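Working notes for the structure below.
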Amino acid sequence: MSAKIVREQVISSALQLLDTLGMEGLTMRKLADMLDVQVPSLYWHFANKDALFEAVADTLLEQVATTTVVAEKWQEMFFRISCEVRQELLAHRDGARFLARTYPLSDNVARISSQMISSLKEAGADDRTATWGTFSTLYFVIGFTIEEQAFAEKRPDHNQSPDLQSLLIRYPVAASAWHQILQSDPDEGFHFGLKMSLQGLAQNLHTLEKERCEMSP
């Protein structure tokens, strides 16, 4: 059996454990038992536990940004890739939390961020704006999806929690917002936050362009 197949089996089995048991249930011992090997055998292809988990996290994103859209504007690319990242993370239990735990500088992360950074530079962004514009967007996606998955896992019910009910009575504005979130589709909240982020980034690019024009002779 080739080394490549063994490595892929380890990653595939780790994803199965993640989906079944969640992030806390994905341990080296359980993974070794699933593969019917000893724990040290897992380190044949991975230097340590962190390296293995980073490989698993990177695999979560392997289907993101694999297509090229001709003449796509940076806003459209950012929106498309952000939605793809969210969907891939939602496809796995604790997917967003697992990625945030490792967030590797690996092949798929580098590939995705390179596309986004390049699109911003082509639109006139400097290195600082292109870098933080890209990663701030990705951080929003990951953070929102962490909350979304946690909410779906354990949806709070103020009717079953006297402490929470009392809190909401004392803070009616928060209670109104809470009910708004409960009644909304998660897509609505995600798209709202993403569009607001992209609008801010677009304004930043506009300011950069204005400053360049003012400085030019």
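All figures in this text were calculated on a predicted structure; none of them were measured in a lab.
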> Are side-chain heavy atoms of Leu120 and Thr129 found at a separation under 4.5 Å?
Replying inline: no

>> Side chains of Met116 and Leu138, heavy atoms from C-beta outward: is any pair under 4.5 Å?
In response: yes

> Of all residues at least two apart in sequence or in a different chain, which pass the side chain to side chain donor-acceptor pair (under 3.5 Å) check with Gln149?
Replying inline: none

>> Taking the basic N atoms (NZ, or NE/NH1/NH2) and the acidic carboxylate oxygens, is any pair closer than 4.0 Å for Asp33 and Lys30?
In response: no

> Does the Thr131 side chain pair with the main chain of Asp127, one donor and one acceptor, at a distance under 3.5 Å?
Replying inline: yes

>> Within the structure provided, determine whether Leu60 and Glu88 are in side-chain contact (heavy-atom separation under 4.5 Å).
In response: no

> Does a side-chain N-to-carboxylate-O contact under 4.0 Å join Lys121 and Asp126?
Replying inline: no

>> Minimum heavy-atom separation for Gly124 and Leu205, please, with both atom names.
In response: C-CD2, 4.4 Å

> Are side-chain heavy atoms of Val141 and Phe78 found at a separation under 4.5 Å?
Replying inline: no

>> Would a single hydrophobic cluster contain both Met23 and Leu90, if residues Ile, Leu, Val, Met, Phe, Trp and Tyr are joined by side-chain heavy-atom contacts under 4.5 Å?
In response: no

> Just how far is it from atom CG of Leu26 to atom CG of Leu15, taken to the nearest 0.5 Å?
Replying inline: 8.5 Å

> With a 4.0 Å cut-off, would you call Arg101 and Asp94 a salt bridge?
Replying inline: no

> Heavy-atom count around Arg170 CZ within 6.0 Å, excluding the residue itself: above 12?
Replying inline: yes

> Donor-acceptor pair, Ser82 side chain versus Phe79 backbone, under 3.5 Å?
Replying inline: no

> Under 3.5 Å, side chain of Ser197 to main-chain N/O of Gly193, donor-acceptor pair present?
Replying inline: no

>> Taking atom CG as the centre, does Asp185 end up with more than 12 heavy-atom neighbours from other residues, nucleotides or ligands that are less than 6.0 angstrom away?
In response: yes

> Once the angle between the rings of Phe53 and Phe98 is folded into 0 to 90°, is it parallel (under 30°), tilted (30 to 60°) or perpendicular (over 60°)?
Replying inline: tilted

>> Is there a side chain to side chain contact (heavy atoms under 4.5 Å, CB included) between Arg29 and Val39? Walk through the geometry before answering.
In response: CA-CA 6 Å; Arg29 170 58 61 188; Val39 171; 3.7 Å; yes

> Can a salt bridge be assigned to the pair Arg97 and Glu24 using a cut-off of 4.0 Å between side-chain N and carboxylate O?
Replying inline: yes

>> Taking the six-membered ring for Trp, are Phe190 and Phe140 closer than 6.0 Å centroid to centroid?
In response: yes

>> Working to the nearest 0.5 angstrom, can you tell me the gap between Ile11 CD1 and Arg7 CZ?
In response: 5.0 Å

> Thinking salt bridges, do Arg212 and Glu209 make one under a 4.0 Å N-O criterion?
Replying inline: yes

>> Within this structure, what is the CG-CZ distance for the pair Leu194 and Arg86, rounded to the nearest 0.5 Å?
In response: 10.0 Å

> Considering only heavy atoms from C-beta outward, does the side chain of Val64 approach that of Leu61 to under 4.5 Å?
Replying inline: yes

>> Just verifying a value: how many Å separate Gln87 CD and Thr145 OG1, rounded to the nearest 0.5 Å?
In response: 8.5 Å

> Is a side-chain donor or acceptor of Asp58 paired with a backbone partner of Asn108 at a separation under 3.5 angstrom?
Replying inline: yes

> Rounded to the nearest 0.5 Å, what separation is found between the OG atom of Ser119 and the CD atom of Glu72?
Replying inline: 8.5 Å

> What distance do Ser176 atom OG and Ile181 atom CD1 have between them, rounded to the nearest 0.5 Å?
Replying inline: 10.0 Å

> Any Lys/Arg nitrogen of Arg80 or Glu84 sitting under 4.0 Å from an Asp/Glu carboxylate oxygen of the other?
Replying inline: yes

> Closest approach of Ala55 and Phe46, non-hydrogen atoms and distance?
Replying inline: CB-CE2, 3.6 Å

> Should Met196 and Trp74 be counted in the same cluster of Ile, Leu, Val, Met, Phe, Trp and Tyr side chains packed under 4.5 Å apart?
Replying inline: no

>> Quick check on Phe192: does its CZ atom have over 12 non-hydrogen neighbours (other residues, nucleotides or ligands) under 6.0 Å away?
In response: no

> Between Ala130 and Ala125, what is the shortest heavy-atom contact and its length?
Replying inline: N-CB, 4.0 Å

>> Could you walk me through whether Leu35 and Leu42 satisfy the side chain to side chain contact (heavy atoms under 4.5 Å, CB included) test, starting with their C-alpha distance in whole Å, then the side-chain angles of each, then the deciding distance to 0.1 Å, before giving a yes or no?
In response: CA-CA 9 Å; Leu35 291 165; Leu42 298 176; 3.8 Å; yes

>> If you define the side chain from C-beta out and look only at heavy atoms, does anything of Ile117 sit under 4.5 Å from Phe135?
In response: yes

> What are the two closest heavy atoms between Ser113 and Val109, and how far apart are they?
Replying inline: OG-O, 2.8 Å

> What closest approach, in Å, do Gln115 and Met77 show between heavy atoms, and which atom pair accounts for it?
Replying inline: O-SD, 3.5 Å

>> Any heavy-atom pair between the side chains of Val56 and Val10 that's under 4.5 Å?
In response: no

> Is there a side-chain contact between Val85 and Leu89, using heavy atoms and a 4.5 Å cut-off?
Replying inline: yes

